[in-house]
Q: 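The structure's right below; bear with me while I get my questions together.
Atoms considered below: every heavy atom in the structure, side chains included; atoms not considered: hydrogens, waters and symmetry mates. Protein chains get the first letters and strands the later ones, always in sequence-line order, with residue 1 at the start of each.
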Amino acid sequence: MKKSWTFARIREFLRLNPKILIGLILVSFFAVMSLIGQFWTPYIVTRMDASSVSEAPSLLHWMGTDNFGRDVLSRVMNGSGITILVALITVLIGGIIGTMIGALTGYFGGIVDEIIMRLNDILLSFPSVLLALLLISFLGPGTINVVLALGILFIPSFARMVRSEVIRYRDRDFVRNARLQGIRPLRIILIHILPNARISILTAAAIGFNNAVLAEASMSYLGLGVQPPTPSLGRMLFEAQSFLLNCPWYAIFPGITIILMILGAALLSEGFKEVSGA
Amino acid sequence: MSMDELLRVSHLNVSFPDDDPYDGIEERDTVVRELSFTMKPGDILGVVGESGSGKSMTALSVIRLLKKSARVDSGQILFQGKDLLSLSEEELCDLRGLGISMIFQEPMTSLNPVLRIESQVSEALRLHPGKEPLSTEEIHQKVRKVLEDVGLPDPEGVCRMYPHELSGGMRQRVMIAAALITDPSLLIADEPTTALDVLIQEQILDLLKEIHERTGVAILFISHDLHVIRRLCDRVLVMYQGQIVEEGETKEVLDHPQHEYTKTLVARIPRVATVPGDTPVLEMEDVTIYYPPRGASSGLFRKVKVEPYVYGASLKLYQNEILGIVGGSGSGKSTIGKVLTGLHGIYDGTIRLFGQPLEKVLAGNERPQMIFQDPYSALNPSHTIGWTLMETLRSKGTRSREKQQEMALQMLEEVGLSEAIFHRYPRDLSGGQRQRCCIGQALLYDPKILIADEPVSALDVTVSSQVLELLLKLQKQRHMSMIFVSHDMNIVRLICHRVIVLDHGRIVEEGPSEEIFAHPSHAYTKKLIEAAMLE
Amino acid sequence: MQAIVKKLFSLILTVLVISFLTFIIFSIIPGNAALAKLGVDASPEQIAAMEEKLQLNDPVIIRYGRWLFGALRGDFGESLQYSGVTVGELLGSRLPVTMVLAGISFLLIVLLSVPVALFCVKFRDRLPDRILTVLGQVMMAVPAFFLGILITYIFGLLLRAFRPGAYEGLSLRYLFFPALSIAIPKIAMTVRFLKSSVRGELSQDYVRTARAHGASEDQVLKNHVLRNALIPVITFLALVIGEILAGSIVAEQVFSVPGLGRLLITSISARDYPVVQAIVMYITTVVVSLDFLVDLLYRLVDPRLRRGG
Amino acid sequence: MKRSLAILLAFGLILSAVLTGCASDGKKEETGEDAPKHTETEPSYGGHLVYGMTQDLVSLDPHESTDAGTRSVVFNIYEGLVKPSSSGDLIAAVAEDYQIDQAGTEYVFTLREGIKFQNGQEVTLKDIEYSFNRYAEFSGENSAFVKSVKELSFPDEKTVRITLTNPDSEFLSELTFAIIPDGNDPNENPIGTGPYMVTEYKAGQYLDLSKNQYYWVEKEPYLDTVRFKFISDVNTAFTELQAGTIDVLNYLTTAQVEALKKSAGDEFRIVEGNMNLVHAMYLNNQAGPLSDVRVRQALCYAVDRDAINSFLFAGKSIIIGSHMTPQLPTWYEPAAASVYTYDVQKAKDLLEQAGYKDGFDLTITVPSAYSQHVDTAQIIADQLSLVGIRVTIKQVEWTVWLSDVYKGRDYEATVIGFDGKLNPSDWMAKYGTDAPKNMMNYSNAEYDELLEKALKAVDTEEKASYYKQMQMNLAENAASVYIEDPADFVAMNSQFDGYVFYPTTAWDVSKIYQISGK
C-alpha cells in the first residue's frame, strides 16, 4: 500500500498519463536546449556576418540566418533560455508575493483583507498593457525591469487565487484542529494550508509561465522587452515580421519554439491536475 | 419465469477498474459478485451492508446507471420479463422514470439547482409522453396532486420554488414525488434517509410506507442503518464484500443472525464503565453564544447585529464524566464544543475550566481537544499521518524528533493501528482508521477534557462500535472528562452518564441518561426518543 | 438595494483611485506633452512656452484638482497632442469603433465557443476532442501581435478578403478580421473553461437524477447541464471582455483601426494625459461595471442567489 | 503597440528628409525592371492619391515648431515669401521677386501679382504683417529671427521691406514662414497659398487635401485630391502599401524593397534618394571615458560604417564623417568622411593609450520606435565587442529620449539622425559650447571661434570655408561617430509618377501626377 516514488512507479505513473509524459519531454527538451544555449551555441549569438545574410536553412545554418547574418539556431537556443528565465522569474516574483498576500489576507480576513482585495481588483481592472507600459516608463527598460514589471502585474491574480484556496481550507476541520492545538497562524498557513493548494498554485504558475512568455513578446512589440542584441523568442518574432514573405524562417523557428514550449508547460499542468484528481 | 416476479437478478457480476492512479497495474475490482435475488410486485426488499459492500452498485445496475468505467461482467437482470442488460440506451431511457424510478441519498445535490420544482417533478412525465401526451395544464394538475400526496403543504407554491428554498426533508419529498409521478412499478431508494435529521428520517419512512400501502409500488431499499431497514422492509439482503451473506425475513435475520458478519452488524454498542467524580472540571453559567457577524465589511457601515446560537446555557462537567449533548441539526449542540476549544469566541456569560476562566486555559497547554465528525476533513490531506501526529507534539513543546516519533508510534499502537500507518496519507486509510488517527492525535495532546462531535456518525455500524469502544477504553485509562455530541439516541443512552437535550439553542432537559430515556419529560425529548426506535 | 448602493460607491471609489494613480504616474515618468509635441527642432525657450501653454508647470495636485473638477462636469479638457480638439470629440469618434470591434469579438467568442465546447464534450477523449484541444493550445501560444500579422497576411494580402488599412466608417466587414485576431485565443480559452465546467457538472448528482427520470445523454446536456455549466462562464466572459479591450489595443494597431486602443497608445507616447485619463477611466468603468453586471446576471440565472422566494 | 507614437513623432523628427536635390542633380534613380522611365510618362490631370506616413500630424499651424514629418505635409498647404526648390535654392513664392542690397541688411520683396489664398481672397500686405508678427511671436524673443530683424516696413501697396540689424547671409531661409490671412487661426481653419487646401482633418487618422484652384503655378497641381494617411507602424504601413490602400510610402527598409520587387515588381516603382540627415552615434562628450578624445577616436575606428550601410541600406547611403549632409554641396566638406577608416587594431591601440586596455562598459540609448536606429545600435554593439567595449542597448520611448537624452543630456551614446534646414548654421550651430541644442556637450574653443566667424561672414565662399573647417574639427576631435546620410527608398504605385526629392523637409505632391492612360 505504501506509495514511494520508486523508478518503476514513476514509469507507471507516466504511462498512465500521456499528457505528463509529452509535457515532460517537451519541457525538458527546451530546458536542456536553452541551458546548452547559455554556454555553447554553434555560432556566436550576436556575431554578424555580412557574407551570409538571410540564408535559408542549410547544413551550415540549420535554421538559416537572419538579416544580419546571425545564425538563427544559435539565437533560438540562447533566446529560449532568456525567455524561460524571464518567464520563470516573473512567475516566481508574482507567485511568491501573490501567494503571501493571498494567504495572509485569506486566512485573517477582516478589514485589511477587504482593502487589499479592493486594491487587487483595481489593479486587475487596470488594462495590463497600460500598467506594463507605465511601469517600464517608470523603472526604465532592461531585462531586469521587464521581469519586475511583469512580476508585479502577476501578483493580483495569484493573490486572488491563493486567497480563495486558503478560504476554502480555512474552515476545514484539520485547520481547526491545528488551531485548537495552539499552532501559530503563520505555521498553519505555511505548513498546514498551503501544501494543499499546491496543485492550484502549480497550475496557476504554469498558466502564468505561458502568459509571461506571451507578455514578454508583447513587450518586445512595444520595444520595451528584452533589449537587443540579446535575443528572446518574442523579440525574434517581432523582428521577423518585416521578413515574413522573403525569409519566413526567422519567424517560423522562434514561433514553433514558443508554441511547443507553452504547449509543454500547459500539458504538464493539465496532467498534474488530472492525476491529482482535482 | 412466473408473471408474479417483478425483478429477477441472477449471477450478476460488476467490476471497476482499479481506481488507484498511482499503481499503473490494469486490474479490475469486482464490486458485485454472483448476486442473485428476486422481487415480487409490491415487495419491500431491504439491502443492508456497510459502504463498499456493493449495495449501491446493485441498485445502480438495476436501473443501468453505473458509471461509465463500471462494467457488468456477467449475469442477467430481468424486469417484468425484459432483459435489462440487453436493452439499448434508448430503450433504457424509455424504461427509466416510467417502469423503474430511483431516489438518492443527497436530496440537495440530486435536484438541479437552477430549475423550478415543477419542471423537475414533471420531467419523467414529459420525457415519457405515452400515446396521448398531456397538456401543460394536465401536467401541472398531476404535479400538484403528487406533491400533495408526498405531504408537501402548499403544492402550488412549491411548484414555483427552487430546490434551495426547501428544507432537506421537503427536498426528499420532492424527489419522491418526481419518482412516483409516472406510477412506476419499482422504486429504488438508495439511502434516502441517511442525510436527514433523525426526526425527518422518521417522517420520510412513514411516507414511504404510506405510499407503498396506497400504490402498491415495490421498493428496493438500500441502507446501512439496521433500524431503518427493520422499520420498513419485509425482507432483507445482507451484503458483504459484494456478496449476499444472508437473506430472509427482516425480523428473523436481524434477531437471529447466522453469518458472522451479520452478527457484528447487529452487535451491541459498548456501555460506559466509569464512575464520574464529583469535582466539576467545567462550569458554564448562563452562556449565550452568538453567530459571528455576517461579512467582514458590514461592520463598517452599520452596527453589528448578532443573533444567538445558544441561549443562556448553564452546565457542569465532572471529572471522569461523559456528558451527552443531543438535539436535531441547528439545535446548537456543536457550538458549545467550539466555544470550549476556542474555535468560536463570541459569547456572553462565564465559563470556567478547572476553576479558571476559559480564556486563561485556552492560552495555556491544557486546552480541551476535539474529535470531529468527518475524519477525512480533520486530517490534513497533504501530510502523512506520522507528520500530523508529530506536529501535535511539536505544538505541545516536544522538541526531539526521536522522542516525537517514538510517542507517535506508541499512540498508533494505543489506538489500534499498525506502525505502517505512520507513513501513509489520509487518502490511503479507511474511515475507521482515519477516526482512530484523529483520536490518537487528540490524545497525544493529553487533554483533560475531550469533546467528541458526532465522532462515529460518518462511520459504518461495525466500525462505529469499535471506535466507540476505543474511546471508552481510553477515557477510562486516561481519566478524561468527555462531552459527547450526537444525534444518535441509541449511542448516547448507552455511553453517557448524563444527557443534555438542546432544542433551537435552548436546554430543554438535563439529567442522568437512564432517567431521561426512561421518563422523558419534554415533548421534544420524547419525539427524539421515539424517532430513534429504541428496542 | 443596499448592495447596489455599496457597489456603486466602490465603483466610484475605484475610478477615482485609478484616475489619481494614472495622474501621479504620468507626472513621475519622464517626458511631457510639450517635448513630445515640439521634438528636436524647438529651442528651450519654445519648449518652456509650450509647457506654459499646456499648463504643465503647475503642481500635480492642482492639475489633478482642475482635471477632476472639469471631469465631474463632464468636461475632460482638450487634447494636448492635437491642438484644438477636445477629449470628448476624440473619444466620441473612437469609442464606437472599439465598441463595435469588441462587440464582434465577443459575439464570435460566444457563438463559436459554446458549440465547439459541446462538440468536444460529446467526443470527449476521442480524436476530434484531442485535435481541437491541441489546436486550442497552439492558438493560445501565439503572441497577439503575431496572430494579427498572420491574419493580415493571409486574409488581407493572399486571399484579398479585405484591404488592410482601408478602414472607413463602421465597416463590419473590415472589423471582422481584427475581431477574429482578438477572438481566436479567447475562444480557445473559453472552450477549455466551458469544457471543464460541463465535465464538472456532468458528475453532479442531479445529472444522475435526470437520467433516472429517463433523460437521454443529449437531453441531460441540453436541459440540465448547460445551464448550470454556463453560470461560472459568466464570470469568465466578463473577464474576457476586459481582455478583449486589452486585445483591441494590439489589434487596432496591427489593422490600422482608429479605435480607443490606438488612441491610448498614441496618447501615452505623446504624454497627452487628458486623453489617457479619459480612456483609462472609461476602461476602468467598463471593467468595474461588468463586475457589477455579472453580479446581477448571476442573480438572474442562479436562483440560489435570488433573495427571498 | 506603442510604436505608434513613436513612429509618429520619431519618424518625422528623426528620419525626416531634407533631401537631396537629386531631381535636379539627375541623381534620382528608378529601379524595378519594368518601371517605366520617368521621362517616358505623360502626365494627366485629376486623380486621387493616398500618401502613407508612419507618424501623426502634430499640428496644422505652420508657425509652430513641429517635427519634420508634419512640415513635409504642410509644405503643400502653405507658402512663404520664398520657398525651397527641389534643387536646394530658395525661389520666390508669395513674393514675385526679391532684392538684397549690397550690405546684406535690406531685403525688398514685391508681392506676386494676383496671388490668392485658397479661399479666393487676395493676399494683402496686412496678411504679410500678421503672418510676420505671428511667426515672430511663436519663435520667441530670443530667437535668431527676432534678433536679426530691425524693422518691417511697407513702402507701397506691393512691396515689403525687411531691415536687419546685421548682415546675415542665412536670413533668407527664415522667410519661408507661411503667409496666412490676417487674423486667421490655422488650427481652426487652415488657409494658405499652397497648391492644396485642407478639406478634412481627422486627428490621428488622415488629412484630406484638394486642389487649390487659385494656385499661381501654371498647370500645377495635377491631382484633384490627396489624402495623407497616418499609420501607426512601419510594418502595417508596408502591408497597406502592398494591399493598395496607400499609393506612396517613404523610408522603406531594404527588406521591404526586396519583398516588393519579388512579390509585385511592376505594381510599384521604387524611387531612391537620401533622407538628408546626419545618421550617427552621438556621444556625450562629458560622459566618463568618452570625455577622452582618444576613446572617441577609437570608437570611430572601431565602427564599420560600410557594414552598417550594407546591412541596412543595401549600400545606397552616403558615408559621412561630420555633421553636414552631402546634399548641401556648398557647405559640405568631403574630406571629413575619410578621416577614419575601419581599423580594429588602431582602435585597440588608442584605447590602450587612454588606459582602457580591457575596454569599458558603454550604454547606447535609442528610441525604440524606429527600428533602423535600434538595428544600427545592434550592429555597433557587435563591432565594438571586437575592441573589448561591452555595449548595453537601452531602448526608450521617444518622449523619454527627448526628455532624458535630448533635454536632460543624461546618456552616454545614442543613435539618431538629425535633419536641418538649408542654412548651414541650422546644422552646425548645435556644437557651440553654449548652444542650447548641444546635447553632445561638445566644447572646443577653436570650434566656437570658427562658428562665430562663420555666422558673421557675408561672403558665401568665406562662410563655406569656415563651415568646412568646423566639419574637419568635429571629425578630428571625434565629436560623435558619424555614419551616413541614409538612403531613402520611396515606393509609389506605378500608376503615378513625378516624385521629387527636396533637400529640405517636403513631400511635394503638387508634382505627382497620374500617368496618362493608366
Side-chain angles (χ1 to χ4, degrees), chain B residues 59-60 63-68 89-90 92-116 119-128 157-158 160-166 174-175 178-179 181-182 184 187-188 190 295 297-298 300-302, chain C residues 1-10 13-14 121-126 197-234 295 297-309:
Chain B
L60 290 171
I63 198 166
R64 293 286 308 276
L65 279 180
L66 286 170
K67 284 188 184 143
K68 287 216 162 106
E89 183 61 30
E90 211 170 309
L92 280 168
C93 286
D94 288 343
L95 186 70
R96 288 186 201 127
L98 193 61
I100 308 177
S101 287
M102 186 159 180
I103 56 177
F104 301 95
Q105 177 173 354
E106 291 287 345
M108 179 68 227
T109 55
S110 296
L111 288 169
N112 190 329
V114 300
L115 297 181
R116 289 180 196 277
S119 77
Q120 304 200 49
V121 171
S122 63
E123 180 169 42
L125 210 55
R126 284 179 287 114
L127 291 171
H128 306 102
V158 170
R160 286 193 304 272
M161 290 187 177
Y162 290 96
H164 71 278
E165 296 169 88
L166 302 174
V174 167
M175 286 289 294
I181 194 164
T182 52
L187 174 67
I188 301 172
D190 188 1
S297 67
S298 50
L300 259 189
F301 298 101
R302 65 192 134 98
Chain C
M1 198 50 214
Q2 201 188 6
I4 293 179
V5 171
K6 213 177 137 188
K7 274 267 174 195
L8 219 61
F9 181 73
S10 77
L13 201 72
T14 307
V121 169
K122 212 173 155 81
F123 289 93
R124 56 181 170 274
D125 295 332
R126 308 228 299 272
S197 175
V198 167
R199 283 174 173 214
E201 289 298 324
L202 273 177
S203 65
Q204 294 291 316
D205 288 344
Y206 70 80
V207 170
R208 202 174 50 180
T209 310
R211 301 194 65 212
H213 288 167
S216 65
E217 177 100 354
D218 283 353
Q219 283 166 328
V220 167
L221 271 181
K222 203 176 77 203
N223 300 339
H224 291 271
V225 170
L226 195 56
R227 206 166 145 199
N228 280 294
L230 282 175
I231 294 175
V233 175
I234 293 173
D295 262 22
L297 260 178
Y298 259 117
R299 267 163 233 257
L300 213 63
V301 294
D302 192 341
R304 281 166 290 190
L305 296 175
R306 274 178 233 166
R307 282 280 162 101

Q: Output the distance between atom SG (B/C93) and atom CD (C/E217), rounded to the nearest 0.5 Å.
A: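 It comes to 9.0 Å.
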Q: Can C/H213 and B/T182 be said to form a side chain to side chain contact (heavy atoms under 4.5 Å, CB included), step by step?
A: CA-CA 10 Å; C/H213 288 167; B/T182 52; over 6 Å; no
Q: Give the minimum heavy-atom separation between B/N112 and C/H224, together with the two atoms involved.
A: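 Where B/N112 meets C/H224 most closely, the heavy atoms are ND2-ND1, 3.0 Å.
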Q: Distance check, rounded to the nearest 0.5 Å: C/N223 atom CG versus B/E123 atom CD?
A: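 Between C/N223 CG and B/E123 CD, I get 6.5 Å after rounding to 0.5 Å.
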Q: Less than 4.5 Å apart, any side-chain heavy atom of C/T209 and any of B/M102?
A: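 No, too far: nothing below the 4.5 Å cut-off.
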Q: Given heavy-atom pairs under 4.5 angstrom as the criterion, report whether the side chain, backbone, both or neither of B/I100 touches chain C.
A: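 Only the backbone of B/I100 comes within 4.5 Å of chain C.
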Q: Taking B/E89 first and then C/R211, would you say they form a salt bridge - that is, a charged N and a carboxylate O separated by under 4.0 Å?
A: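 Salt bridge: yes.
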Q: Looking at B/R64, B/H128, B/R126, B/E106, which makes the most heavy-atom pairs under 4.5 Å with chain C?
A: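 Of the candidates given, the most pairs with chain C belong to B/H128.
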Q: Is chain C contacted by the side chain of B/L111, its backbone, both, or neither, given a heavy-atom distance below 4.5 Å?
A: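 Backbone only.
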Q: Considering non-hydrogen atoms only, spot the tightest contact between B/P113 and C/N228 and give its length.
A: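 That closest heavy-atom pairing would be CG-OD1, 3.3 Å.
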Q: Less than 4.5 Å apart, any side-chain heavy atom of C/Y206 and any of B/T109?
A: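 They are not in side-chain contact.
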Q: Checking C/E201 against chain B: side chain, backbone, both or neither under 4.5 Å from a heavy atom?
A: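 C/E201 has no heavy atom closer than 4.5 Å to chain B.
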Q: Which atoms form the tightest heavy-atom contact between B/S110 and C/R208, and what is the distance?
A: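 Of all heavy-atom pairs spanning B/S110 and C/R208, the closest is OG-NH2, 4.5 Å.
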Q: As an exercise, state the distance from OG of C/S216 to CG of B/L92, rounded to the nearest 0.5 Å.
A: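 So the gap between those two atoms works out to 12.0 Å.
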Q: Please look at B/Q120 and chain C and tell me whether the side chain, the backbone, both or neither of the residue comes under 4.5 angstrom of a heavy atom of that chain.
A: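 Answer is backbone: N, CA, C or O of B/Q120 sit under 4.5 Å from chain C.
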Q: Which one wins on heavy-atom pair count under 4.5 Å against chain C: B/I103, B/V114, B/L125?
A: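 Going by pairs under 4.5 Å, I would pick B/V114.
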